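Right, one structure below, let's go through it.
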Amino acid sequence: GAEGLVLVAAALRIVLRRSDEKIDNYFAPARHLLLPLGLLAVAGLPFMTFIFAAAHGSGLSPDTQPARPSMQLMLYQLAHFGWGRGGGRLAAFAAAVLTGLYAAFREKKRRGAAGIHLALLVIPAGILFAVIKRDFFPRYLAICFYPLLVLAALGVDRATSWAADRLPRRAAWIPAALLVLLLGAWSAGPFRVMLGMHDKLAPISRIRDWLLAHVPANGLYIWRNGYYMREIPGTYEVGDRQPAFADYPAAGIPEAEKERRSRNARSICARFPLAPLIVEPDKDYDAPRYRWIYTDFSRRQPLRNDAVARLWAWGLSPHGVAMHEAPVFVIFYNTEEDIHQRAAAQGRISIWTSGPGWRYVQTRTGILFAALEGAADLEVFKPTPGEDDFDLLLRGIGVGAGKIGVAVAGAEERMVEAAFEKSDRLNLRIGPLRLQAGTCRIRVNPSGSRRPGLLVYSFDVLPARSRAGGGAG
């Protein structure tokens, strides 16, 4: 903020001080720090609430073991305030800071100002390291950044001046130029990665791109954790593709409810086999109740934000000292070929929604329905040879009375109609429909002027009954 700008100006004033400048009194060099000190004190008052809360263990569970400040954490903080860690960056920044300390305390008449400046750096850092009993991000130490910057600037000025004094006057600019080039080269890689980042941690933009490439328009996709629906489609649009959630984890959920949610999630994926399931990293997947994820899907696509690991190679991470790489999200999915192969192996007919006309409606408890909004299609794969007559069975809820017509694509003249009434438990059987071996399409059409109030829970194909037509059971 404002105090940072003043401190930067003070640092430049110290670095660019004329060599023949006279000092009026012992504390004269510190006068530039009085205003920044006041601004820092005022700006730091709200932050004191955090210090007091941390001192009393706020935010820690009762069984948390307090962590002692580690050298790794200190180096992590120093790398972020400086030029990074790898490739000699941290060593060079530490040398600049130590050289700045030497330059600050070298002259006796400047030691008072140097002591005040050092206290501005050490005291806040000491309080934070002593009070916060766990790893913390560099932003918590932002109050120490500008004092550290001044010391590094003094060290750089001292080193480049020492080198320039030993060169001819015409070449005196070379040390400073070399330093600028070195810092530019060191910063190019991290800045290139950061400017190219589309995500902070989770690979949401990559998931969005995958959905746009693999899920058809109006298609369904499922988040294992409904929390991420705030990202897609909440923040990242995916056109008219429709989301659903398999679970919505929260603390304190009973084991029986976890089991129910897992069964419901498996049911959703079985009833809509082309819908991909996006799985976030979670230790809960090691539980037996979620092993079905690895058997019910034939393919998987891991996605990760690679920028986090690349930044950590330079000792930089916006996510803490323990986060060396971003978590991996996995998209589990099936293709139509996978569905065909599984149906052939099991010797049963597979059926699933396809194309426009379907709107997916989900209750708060996670039950998913397919609502008919207009003419819509069902894809059917019959693995057995020959032609046979079948009935289409729709299970769901009749929100209101209505009528629908069903026909096999290419044989629309043989459409079969069925009426239904309002019902909380509707079993609508329509037929007969003649299905050939392989893939075919069933067209479902609303009849009459009103849109049918039908929420379909599941679709099935059964051997045809003797009579034509259909009805609700």
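Bear in mind that the values here come from a model prediction, so they are computed numbers and not experimental data. Keep in mind that the numbers below use all heavy atoms, side chains included, and drop hydrogens, waters and symmetry copies.
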Residue [X] excluded, over 12 heavy atoms near [atom1] under 6.0 Å:
{"X": "Glu237", "atom1": "CD", "answer": "no"}
{"X": "His198", "atom1": "NE2", "answer": "no"}
{"X": "Gln346", "atom1": "CD", "answer": "yes"}

Report task. Just do the side chain to side chain contact (heavy atoms under 4.5 Å, CB included) check on Leu368 and Leu220 with the steps written out, would you? Result -> CA-CA 11 Å; Leu368 186 65; Leu220 176 69; 3.8 Å; yes
State, yes or no, whether a side-chain contact exists between [X] and [Y] at a heavy-atom distance under 4.5 Å.
{"X": "Pro276", "Y": "His214", "result": "no"}
{"X": "Leu182", "Y": "Leu178", "result": "no"}
{"X": "Leu372", "Y": "Ile404", "result": "yes"}
{"X": "Cys269", "Y": "Asp296", "result": "no"}
{"X": "Leu148", "Y": "Leu78", "result": "yes"}
{"X": "Tyr221", "Y": "Pro233", "result": "yes"}
{"X": "Leu426", "Y": "Leu454", "result": "yes"}

How far apart are the closest heavy atoms of [X] and [Y], and which atoms are they?
{"X": "Thr335", "Y": "Leu274", "answer": "C-CD2, 3.8 Å"}
{"X": "Gly453", "Y": "Phe420", "answer": "O-CE1, 3.9 Å"}
{"X": "Asp199", "Y": "Tyr236", "answer": "OD1-OH, 3.3 Å"}
{"X": "Ala152", "Y": "Val97", "answer": "CB-CG2, 4.2 Å"}
{"X": "Gly347", "Y": "Pro383", "answer": "C-CG, 4.2 Å"}
{"X": "Leu455", "Y": "Ala371", "answer": "CD2-CB, 3.6 Å"}

Report task. Report the C-alpha separation of Ser350 and Arg342 in whole Å, then their side-chain angles, then the decisive distance to 0.1 Å, and conclude whether the side chain to side chain contact (heavy atoms under 4.5 Å, CB included) test is met. Result -> CA-CA 9 Å; Ser350 292; Arg342 187 164 298 186; over 6 Å; no
What is the distance from atom [atom1] of [X] to atom [atom2] of [Y], rounded to the nearest 0.5 Å?
{"X": "Ile367", "Y": "Gln362", "atom1": "CD1", "atom2": "CD", "value": "8.5 Å"}
{"X": "Glu280", "Y": "Arg224", "atom1": "CD", "atom2": "CZ", "value": "4.5 Å"}
{"X": "Arg260", "Y": "Asp247", "atom1": "CZ", "atom2": "CG", "value": "8.5 Å"}
{"X": "Cys440", "Y": "Ile351", "atom1": "SG", "atom2": "CD1", "value": "8.5 Å"}
{"X": "Phe381", "Y": "Thr439", "atom1": "CZ", "atom2": "OG1", "value": "5.5 Å"}
{"X": "Met197", "Y": "Asn305", "atom1": "CE", "atom2": "CG", "value": "5.0 Å"}

Looking at [Y], is its backbone amide N or carbonyl O close enough to the side chain of [X] to form a donor-acceptor pair, meaning the two atoms are under 3.5 Å apart?
{"X": "Trp223", "Y": "Ile232", "value": "yes"}
{"X": "Arg261", "Y": "Tyr248", "value": "yes"}
{"X": "Arg310", "Y": "Val193", "value": "no"}
{"X": "Asp240", "Y": "Asn218", "value": "yes"}
{"X": "Ser262", "Y": "Glu259", "value": "no"}
{"X": "Arg241", "Y": "Val215", "value": "yes"}
{"X": "Ser298", "Y": "Asp338", "value": "no"}
{"X": "Arg208", "Y": "Glu231", "value": "no"}
{"X": "Asn264", "Y": "Gly366", "value": "yes"}

For residues 121-128, which side-chain N or O atoms pair as donor and acceptor with protein atoms under 3.5 Å away, sequence neighbours left out?
none

Report task. Would you please classify the geometry between the Phe93 ring and the Trp83 ring as parallel, tilted or perpendicular, with 30° and 60° separating the classes? Result -> perpendicular
Query - Whether Phe332 and Tyr294 hold their rings parallel, tilted or perpendicular, with breakpoints at 30° and 60° - result: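 Rings of Phe332 and Tyr294: perpendicular, over 60°.
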**Report entry** For Leu392, the option from Leu378, Leu435, Val380 that meets side chain to side chain contact (heavy atoms under 4.5 Å, CB included)
**Finding:** Leu378
Query raised in the report: With sequence neighbours excluded, what pairs up with Arg304 under the side-chain contact (heavy atoms from CB on, under 4.5 Å) test?
Result: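 Checked Arg304 against side-chain contact (heavy atoms from CB on, under 4.5 Å); matches are Asp306, Glu325, Ala326, Val328.
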Query raised in the report: Step by step, would you call Glu255 with Arg289 a side chain to side chain contact (heavy atoms under 4.5 Å, CB included)?
Result: CA-CA 10 Å; Glu255 286 297 318; Arg289 60 175 166 268; 3.2 Å; yes
**Report entry** Residues Arg434, Arg414; criterion side chain to side chain contact (heavy atoms under 4.5 Å, CB included); working and verdict
**Finding:** CA-CA 9 Å; Arg434 177 151 295 184; Arg414 292 159 59 178; 3.6 Å; yes
Query raised in the report: In a check of ring-ring contact (aromatic ring centres under 6.0 Å, His included) between Trp358 and each of Phe459, Trp352, Phe272, which one passes?
Result: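 Per the ring-ring contact (aromatic ring centres under 6.0 Å, His included) rule, the option paired with Trp358 is Phe459, out of Phe459, Trp352, Phe272.
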Query - Cationic tip of Arg271 above Tyr457 ring, under 6.0 Å, 45° of axis - result: yes
Requested in this report: For Asp209, check side-chain hydrogen bond (donor to acceptor under 3.5 Å, both in side chains) against everything at least two apart and list the hits.
Outcome: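 So Asp209 forms no side-chain hydrogen bond (donor to acceptor under 3.5 Å, both in side chains) with any residue.
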Query raised in the report: Using the benzene-type ring in the case of Trp, are the ring centres of Phe329 and Trp210 under 6.0 Å apart?
Result: no
Report task. Could you tell me if the ring centre of Tyr227 sits under 6.0 Å from that of Phe245? Result -> no
